[in-house]
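Data block below; observations after.
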Amino acid sequence: MAERRRKFWGWGYEDERLGDDEERRVLEGWADRLGVDAEAFERLPVPDAGDIELGAPRIDPPSRVAGICSTDTYDRLLHTYGQSIPDLARAFMKDFANAPDYVAHAKTEEDVTAVLDWATGAGVAVIPFGGGSSATGGVEPAVGGGFNGAISLDLGGLDKVLEIDRTSRAARIQAGIFGPALEAALKPEGLTLRHFPQSFSHSTLGGWIATRAGGHFATLYTHVDDFVESLRTVTPAGVMESRRLPGSGAGPSPDRLMMGSEGALGVITEAWMRLQDRPTHRAAASVYFADIYDGAEAIRAVGQAGLYPSNLRLLDPMEARITDAGDGTRALAVLAFESADHPVDAWMGRALEIVADHGGEFDPEEVANPDAHISGSAGAWRAAFIRMPYYREFLTANAVINDTFETAITWDRFRAFHDDVKAAAEAAMEEATGKSGVITCRFTHVYPDGPAPYFTYHCLSRHGALLEHWRYIKERASDAVIAGGGTITHHHAVGRDHMPWYERQRPSLFGEAVAAAKAKLDPAGILNPGVIVPAPGR
Ligand SMILES: Cc1cc2nc3c(=O)[nH]c(=O)nc-3n(C[C@H](O)[C@H](O)[C@H](O)COP(=O)(O)OP(=O)(O)OC[C@H]3O[C@@H](n4cnc5c(N)ncnc54)[C@H](O)[C@@H]3O)c2cc1C
C-alpha cells in the first residue's frame with residue numbers, strides 16, 4: 001500500500017479535505033459574517049507538484065551526508081514551509097523560491113552530527129524540522145544570501161520512546177516522535193504526557209520543546225517546559241546533556257537555554273519527560289456570561305482560587321457562535337477538572353460557586369453528565385477546534401485571510417489591552433482590504449496573574465494582494481500587542497514572523513547574551529539563521 005503523504009500546501013494528509021457540504025457551509029458562513037456575496041470568493045486550486053520547478057541544489061554534500069539526503073521534489077516542497085498564513089498563501093501561489101537544496105532525514109544522532117559538521121565547514125544553513133507545523137515562519141529556509149545553500153534537517157526518524165522509568169513516572173523519548181505515536185507508546189503503561197496542542201497530530205516532541213509549546217492544560221502545566229526533566233542537544237560545538245533532576249537550583253538552567261531556542265542553538269535529539277497517570281475522574285461544565293469582561297472577572301477568580309482546572313477557556317460571544325458552541329449573544333467559559341487519583345466534584349463544585357458569584361449561568365444537569373467534556377457546548381467547541389486547521393488552508397485558497405495571534409497580559413491591564421488590540425486589528429483589516437473583517441478572542445491559558453488571550457481574525461482579501469494585506473494587519477496588530485505591554489507570543493513561538501517584535505520585547509542585553517551563546521554553540525551561525533538571533537549582516 002502506498003504511504004500516506006502529508007500535504008505540502010496545507011494541513012494533514014493529501015487525501016484529507018473538507019467534504020462538499022462542509023466547504024459550502026464554511027463559505028456561506030463567512031460570506032454572511034463578512035457581508036459579501038458567496039460568489040465573491042475566488043478559489044485557487046490545490047497546487048500540483050508537477051507544475052512547480054525548483055532550482056537545482058547549489059551544494060554537493062559528501063557521501064556520509066548525501067546518503068541520508070533527498071532531492072525529491074515533493075520532499076523539498078514539503079520542507080519549504082510550515083503552516084503560517086503566508087506559508088499557505090505562497091504554497092497556493094506555487095511560490096517555493098526558498099525550497100531547501102536538500103532534505104536530510106536523520107535516523108540517528110550520528111546523522112545529526114554529520115550534517116552539522118559538514119554544514120559548518122561548507123557554510124550551509126541547517127533548518128531543524130520536526131512536524132513542520134510552525135505557525136510563525138520557523139522552518140522556511142529563508143536564510144538570505146550569506147550561505148552556500150540550505151538543508152532542512154528532518155528529525156522524524158528519531159521516533160522512539162527509549163526508556164520508561166515507572167517509579168519516577170518519566171520517559172526518555174526521541175525528539176522526532178509525533179504526538180499520536182508518543183501517546184500510543186505510553187498508553188500500555190497507563191501513562192500519558194498529556195501535552196495536546198491543537199497541532200498534536202502533526203507536530204513532534206522536539207518541536208514542542210524548541211518552541212515552548214502550550215498544550216492541553218489551561219492552568220498550572222501550561223507549557224511543555226513543565227514536563228521537561230532533562231534534554232540532550234547536539235550543537236555544532238558538541239553535545240550538551242543535562243542531568244535528570246526533579247528540580248535544581250544550581251545556577252541558570254541549561255534546559256531553559258534550549259527550550260524555546262527554535263533550532264537556532266542546537267538540535268534537540270532526546271528528552272526525559274515527566275509523565276502522568278491517565279485520568280479516570282472528570283467533570284466539565286459550560287458557563288455563560290453577558291460578555292467577555294464579566295467572564296474574565298469570573299475566570300480570574302477561579303484562576304486565583306488555587307483549584308487549577310485542566311480546562312478554563314473563555315470564548316467571547318462571536319467566537320462561541322463561530323464554533324457552534326453558542327448563539328453569539330453570550331460569552332462562554334469551558335471549565336473542566338480531571339484526575340487519575342480522586343473524584344474532582346468538590347473542585348468543580350467550588351469553581352461553580354465562584355462563577356455563579358460572578359453572574360455565570362450553567363445547566364446543573366449538564367454538569368452532572370460524565371460526558372460533558374465531549375458533549376454540549378464544550379463538545380461543539382472541541383469539534384470545531386479539531387477541524388479548524390483544515391479551514392485555514394481552505395479559506396486561504398479562497399482569499400479569506402484567517403489568522404490568529406496570541407499573547408498574555410496581566411489582569412490589571414486586560415480590558416484596555418483587549419480593546420486596543422482588537423481595535424487596531426479591526427482598523428488594519430479595513431485599511432488593508434477596504435472592507436471590515438471579524439475579530440474574536442478567547443483565553444487559551446489562565447494564570448493567577450493574567451490570561452493568555454488568543455485572537456482570531458477573518459477578512460476578505462484577493463489573490464495577488466493577500467500577502468501584502470496579511471503583513472499590514474500583522475504589523476499593526478503586533479505593534480498594538482507590544483505597545484499594550486503584552487508578549488508577541490504566548491506559545492506559537494517567534495519564528496521569522498515575530499522577530500521584529502521579539503527584539504523590541506526582550507531586554508537588548510539579553511539579546512546580546514543569547515547571541516553570544518549562539519556564537520559559542522554554533523560558531524558558523526548555520527542553525528536556523530534569523531530566528532531568535534538576528535541573521536548576520538542584517
Ligand atoms: C493549526 C495549528 C495549531 C497549532 N496549535 C498550537 C497549540 O495548540 N499550541 C502551540 O504551542 N502551538 C501550536 N501551533 C504551533 C506549532 O504546532 C508548534 O509551534 C509546535 O510546537 C511545532 O512543532 P513541530 O514539531 O511541528 O515543529 P516545526 O514546525 O518542525 O519546528 C518549529 C521550530 O522548532 C525547531 N525545531 C523543530 N524540531 C527541533 C528539534 N528537535 N531541535 C531543535 N529545534 C527544533 C524548528 O527549526 C522551528 O524553528 C499550531 C500550529 C498550527 C498550524
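Remember, it's a predicted structure, so these values are computed and weren't measured experimentally.
Side-chain atoms of His418 and Asp316 form no donor-acceptor pair, as typed in the model, at a separation below 3.5 Å. With 3.5 Å as the limit, one finds a donor-acceptor pair spanning the side chains of Trp470 and Asp403. At a cut-off of 3.5 Å, with distance as the only test, a side-chain donor of Arg496 or Asn528 sits close to an acceptor on the other residue. Between the side chains of Ser253 and Asp255, no donor-acceptor pair is found at a separation under 3.5 Å. Between the side chains of Lys7 and His202, no donor N or O sits under 3.5 Å from an acceptor N or O. At a cut-off of 3.5 Å, with distance as the only test, no side-chain donor of Trp272 or Asp165 sits close to an acceptor on the other residue. A donor atom on one side chain and an acceptor atom on the other are found under 3.5 Å apart for Ser70 and Asp75.
Going from atom OG1 of Thr323 over to atom CZ of Phe385 covers 11.0 Å, rounded to the nearest 0.5 Å. To the nearest 0.5 Å, atom CE of residue Met348 and atom CG of residue Leu335 are 4.5 Å apart. Annotation: the span from Ile127 atom CD1 to Ile151 atom CD1 amounts to 10.0 Å, rounded to 0.5 Å. Atom CD of Glu262 is separated from atom OG of Ser134 by 7.5 Å, given to the nearest 0.5 angstrom. Rounding to the nearest 0.5 angstrom, the gap separating the CD atom in Glu241 from the OG1 atom in Thr233 is 9.0 Å. Of the inter-residue distances, the one linking Thr489 atom OG1 with Glu406 atom CD reads 3.5 Å to the nearest 0.5 angstrom.
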task: Begin from the C-alpha positions of Asp159 and Gln174 and carry the test side-chain hydrogen bond (donor to acceptor under 3.5 Å, both in side chains) through to its verdict.
output: CA-CA 5 Å; Asp159 60 354; Gln174 289 185 305; over 6 Å; no
message: Please evaluate residues Tyr81 and Phe8 with respect to the criterion ring-ring contact (aromatic ring centres under 6.0 Å, His included), reporting the C-alpha separation (whole Å), side-chain torsions for both, the decisive distance (0.1 Å), and the verdict.
response: CA-CA 8 Å; Tyr81 291 128; Phe8 66 83; 9.6 Å; no
task: Starting from the C-alpha separation in whole Å, work towards a yes-or-no answer on side chain to side chain contact (heavy atoms under 4.5 Å, CB included) for His105 and Leu155.
output: CA-CA 6 Å; His105 291 276; Leu155 298 154; over 6 Å; no
message: Go through it in stages, so that I can follow the logic: the residues are Glu512 and Arg506, the test is salt bridge (charged side-chain N to carboxylate O under 4.0 Å, His left out), and I'd like the CA-CA distance, side-chain angles, deciding distance and then a yes or no.
response: CA-CA 10 Å; Glu512 289 169 35; Arg506 72 183 176 191; over 6 Å; no
task: Determine, step by step, whether Asp522 and Lys518 satisfy the salt bridge (charged side-chain N to carboxylate O under 4.0 Å, His left out) criterion, reporting the C-alpha distance in whole Å, the side-chain angles of both residues, the deciding distance to 0.1 Å, and the verdict.
output: CA-CA 5 Å; Asp522 174 23; Lys518 181 169 170 83; 2.8 Å; yes
- request: Please lay out, stage by stage, how Asp277 and Arg166 fare under the test salt bridge (charged side-chain N to carboxylate O under 4.0 Å, His left out).
  value: CA-CA 10 Å; Asp277 293 315; Arg166 195 70 185 72; 3.3 Å; yes
field: ring-ring contact (aromatic ring centres under 6.0 Å, His included) evaluation trace for His195 with His216
entry: CA-CA 5 Å; His195 177 75; His216 165 82; 9.4 Å; no
task: Could you check Trp347 against His281 for ring-ring contact (aromatic ring centres under 6.0 Å, His included), going step by step and ending with a plain yes or no?
output: CA-CA 12 Å; Trp347 280 258; His281 304 272; over 10 Å; no
message: Using the rule given for side chain to side chain contact (heavy atoms under 4.5 Å, CB included), can you reason through Phe200 versus Phe178, listing the C-alpha separation, both sets of side-chain angles and the distance that settles it, and then say yes or no?
response: CA-CA 8 Å; Phe200 172 76; Phe178 280 77; over 6 Å; no
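Nearest approach of Pro451 to Ile409, heavy atoms of both residues: CD-O, 3.0 Å. When all heavy atoms are compared, the tightest approach of Ala175 to Thr204 is O-CB, 3.5 Å. Residues Val139 and Gly132 come closest through the heavy atom pair CG2-CA, 4.5 Å.
At least one side-chain heavy atom of Ile532 sits less than 4.5 Å from a side-chain heavy atom of Tyr502. A 4.5 Å side-chain heavy-atom check between Glu109 and Val267 finds every atom pair outside the cut-off. Looking only at side-chain heavy atoms (C-beta outward), Glu270 and Arg172 come within less than 4.5 Å of each other. Using a 4.5 Å cut-off on side-chain heavy atoms (C-beta onward), Arg392 and Thr404 make contact. The shortest side-chain heavy-atom distance between Gln276 and Phe227 falls under the 4.5 Å cut-off. Contact check for Val224 versus Met273: side-chain heavy atoms found under the 4.5 Å cut-off. In this structure, the side chains of Val234 and Ile268 stay at 4.5 Å or more apart for every pair of heavy atoms. Counting heavy atoms from C-beta outward, Met258 and Arg232 have side chains that stay 4.5 Å or more apart.
Taking the six-membered ring where tryptophan is involved, the planes of Tyr454 and His491 are essentially parallel, since the angle between them stays under 30° and well short of 60°. In this structure, His223 and Tyr447 have parallel ring planes: the angle between them is below the 30° cut-off, well short of the 60° mark. Relative ring orientation between Phe443 and Phe414 is described as perpendicular, the plane-to-plane angle rising above 60° on a 0-90° scale split at 30° and 60°. Using a 30° and 60° split on the angle between ring planes, Phe455 and Phe405 fall in the parallel class, below 30°.
Ring to ring, Phe337 and His342 are not that close: their centroids are 6.0 angstrom or more apart.
Cation-pi contact between Arg194 and Tyr221: absent, since separation from the ring centre below 6.0 Å together with deviation from the ring axis within 45° is not met.
The local environment of CZ in Arg471 is sparse, with at most 12 non-hydrogen atoms from other residues, nucleotides or ligands closer than 6.0 Å.
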